[in-house]
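Every heavy atom of this structure was used, including side-chain atoms; hydrogens, water molecules and symmetry mates were not. In listed order, ligands and their atoms are each counted from 1. Every value quoted in this text rests on a predicted model; they were computed, and no experiment measured them.
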Amino acid sequence: MTTPRILVLATGGTIAGQAGDAMRADYRPGQIGIETYLEQASVLGIAAEFTGRQIANIGSEDIDASIWSRLHAEIDLAMRDDSVDAVIVTHGTDTAEETAFLLDLTLPSNKPVVLVGAMRPADAVGYDGMRNFANAARVAGNAEAAGRGVLVVMGDRVHSARDVRKAETRATEAFRGFPRESVGIVTPSRLDWFGAPWRLDDAASLRFLPLPEVPILAIYAGMSAAAASRQLSDDSAGIVVSGVGEGNMPDPVRQVLVQHARRGALVVRASRTDQGLVDPVPDDVEDGFVAARALGPPKARVLTALLVANGISDPAKAQRYFDER
Ligand code: SIN
């Protein structure tokens with residue numbers, strides 16, 4: 001087997017973070033540059049050839065359209081470059097699920113693309129970033145990782161971008177998947193897939209285009225129509241509802257959203273619960289709403305914005321993209 005050539009695109013996050021003192025509780029993400037990081041990783045003896053490129057060095061709460069655009073362009077190029085076998089993106093964990101899903105929807109799956117992060121900064125006791133990186137390299141270097149879309153490797157698990165979410169603020173096993181908890185289990189020395197690759201047609205679902213602003217409306221008990229209206233502008237092309245239970249909302253709020261759907265906004269009902277399906281109901285047809293199915297509000301927002309950018313605002317057509325697995 002030949003040594004895999006892996007392009008590492010660094011964006012910052014805790015995996016590149018430092019506190020300056022192992023005993024400190026606070027730290028700054030995005031402190032270590034990719035060259036230094038790869039030099040440190042070289043002592044692990046990972047069987048791969050790495051090339052590093054710094055895309056950003058930020059906390060992932062500051063990820064923005066220009067960083068997404070650069071990441072997408074670099075990976076798209078790598079997909080067609082015979083000198084690159086796979087791509088690893090180092091990323092803050094806070095918004096890793098959104099970046100992973102955006103890339104998943106807009107890139108082909110002919111080579112492995114793996115996002116990896118850490119929950120503890122590089123100089124913390126029990127830094128998890130090197131283990132996660134070694135795991136990510138094992139996944140990226142495995143030919144069977146292609147055809148599974150963008151993958152997120154954290155805490156010895158391989159998650160698919162569509163399923164994964166950050167579910168805890170501090171634990172090193174902070175990520176969960178729904179409906180598939182994970183698609184593989186990995187350590188630096190071994191990788192086991194649960195099932196075969198599923199993205200066999202190799203095509204991206206949607207074109208990567210500048211994304212419109214799509215707000216998430218957080219529903220709560222007793223929310224009034226006025227409170228909902230104050231948070232929504234009349235020109236947003238899409239709205240994601242972080243509804244209660246199965247994407248529900250008080251009736252006065254529903255009526256506000258129906259008005260937005262009638263003016264052409266793509267209105268998507270998701271759930272504020274931890275996980276579960278929000279399925280279409282008969283009223284959705286009349287209201288002009290779409291059901292987010294297994295996607296939680298942050299990822300429903302990414303898909304809604306991308307659909308609008310691609311000119312897909314018809315609820316029935318949009319629903320198909322939420323139904324996909
Ligand atoms: C971030 O998302 O950049 C900070 C938190 C982390 O990486 O775990």
Side-chain angles (χ1 to χ4, degrees), residues 8-38 40-41 52-72 74-75 87-104 113-137 139-140 150-177 182 186 211 216 274 296-299 301-302:
V8 183
L9 301 175
T11 68
T14 298
I15 192 166
Q18 277 185 323
D21 175 339
M23 295 298 147
R24 275 179 74 134
D26 61 332
Y27 68 94
R28 294 171 74 82
Q31 298 299 299
I32 302 173
I34 187 58
E35 296 308 332
T36 310
Y37 190 83
L38 289 180
Q40 288 171 8
R53 210 163 293 158
Q54 194 81 46
I55 303 296
N57 215 356
I58 53 159
S60 74
E61 68 277 13
D62 289 325
I63 203 92
D64 62 16
S66 70
I67 299 172
W68 273 343
S69 172
R70 171 123 191 256
L71 258 185
H72 183 272
E74 295 268 5
I75 302 172
V87 179
I88 292 178
V89 178
T90 59
H91 199 290
T93 59
D94 287 353
T95 62
E97 66 202 76
E98 280 136 291
T99 299
F101 190 43
L102 178 65
L103 296 173
D104 184 67
V113 178
V114 180
L115 251 80
V116 66
M119 293 300 291
R120 296 178 182 148
D123 52 0
V125 179
Y127 173 53
D128 52 330
M130 276 298 158
R131 183 181 180 91
N132 289 344
F133 185 78
N135 287 348
V139 173
V150 173
L151 298 166
V152 175
V153 170
M154 286 292 294
D156 289 1
R157 291 282 167 170
V158 189
H159 296 278
S160 98
R162 191 159 187 124
D163 300 327
V164 76
R165 71 186 187 287
K166 185 173 183 179
E168 293 203 31
T169 55
R170 290 204 183 141
T172 49
E173 268 77 36
F175 282 66
R176 309 263 187 286
S182 58
V186 63
L211 299 179
I216 297 177
D274 196 27
K299 278 195 281 183
R301 199 194 83 84
V302 168

Which heavy atom of the protein is the closest neighbour of atom 2 (O) of ligand 1, given with residue, atom name and distance?
Ser60 OG, 2.6 Å

Here the atoms of ligand 1 under 4.0 Å from any heavy atom belonging to Thr14 are 4 (C), 5 (C), 6 (C), 7 (O), 8 (O)

Check whether Glu97 reaches the backbone of Thr95 with its side chain - one donor and one acceptor, N or O, closer than 3.5 Å.
no

Subset of ligand 1 atoms that lie under 4.0 Å from at least one heavy atom of Ala118:
6 (C), 7 (O), 8 (O)

To check your reading of the model: name the closest protein heavy atom to atom 8 (O) of ligand 1, its residue, and the distance in Å.
Thr93 OG1, 2.4 Å

Look at the side chain of Asp94 and the backbone N and O of Glu61, then say whether any donor-acceptor pair between them is shorter than 3.5 Å.
no

Any donor-acceptor pair under 3.5 Å from Lys299 side chain to Arg162 backbone
yes

With a 4.0 Å heavy-atom cut-off (strictly under), which part of Ala96 contacts ligand 1: side chain, backbone, both or neither?
neither

Using a 4.0 Å cut-off to any heavy atom of Gly59, which atoms of ligand 1 qualify?
3 (O)

Just by distance, do the side chain of Thr11 and the backbone of Thr90 share a donor-acceptor pair under 3.5 Å?
yes

Measure across Tyr27 and Gln18 and return the closest heavy-atom pair with its distance rounded to 0.1 Å.
CB-O, 3.5 Å

If only atom types and distance count, is the side chain of Arg165 paired as donor or acceptor with the main-chain N or O of Asp274 below 3.5 Å?
yes

Can you find an N or O of Asp94 that's nearer than 3.5 Å to an N or O of ligand 1?
yes

Subset of ligand 1 atoms that lie under 4.0 Å from at least one heavy atom of Gly13:
3 (O), 7 (O)

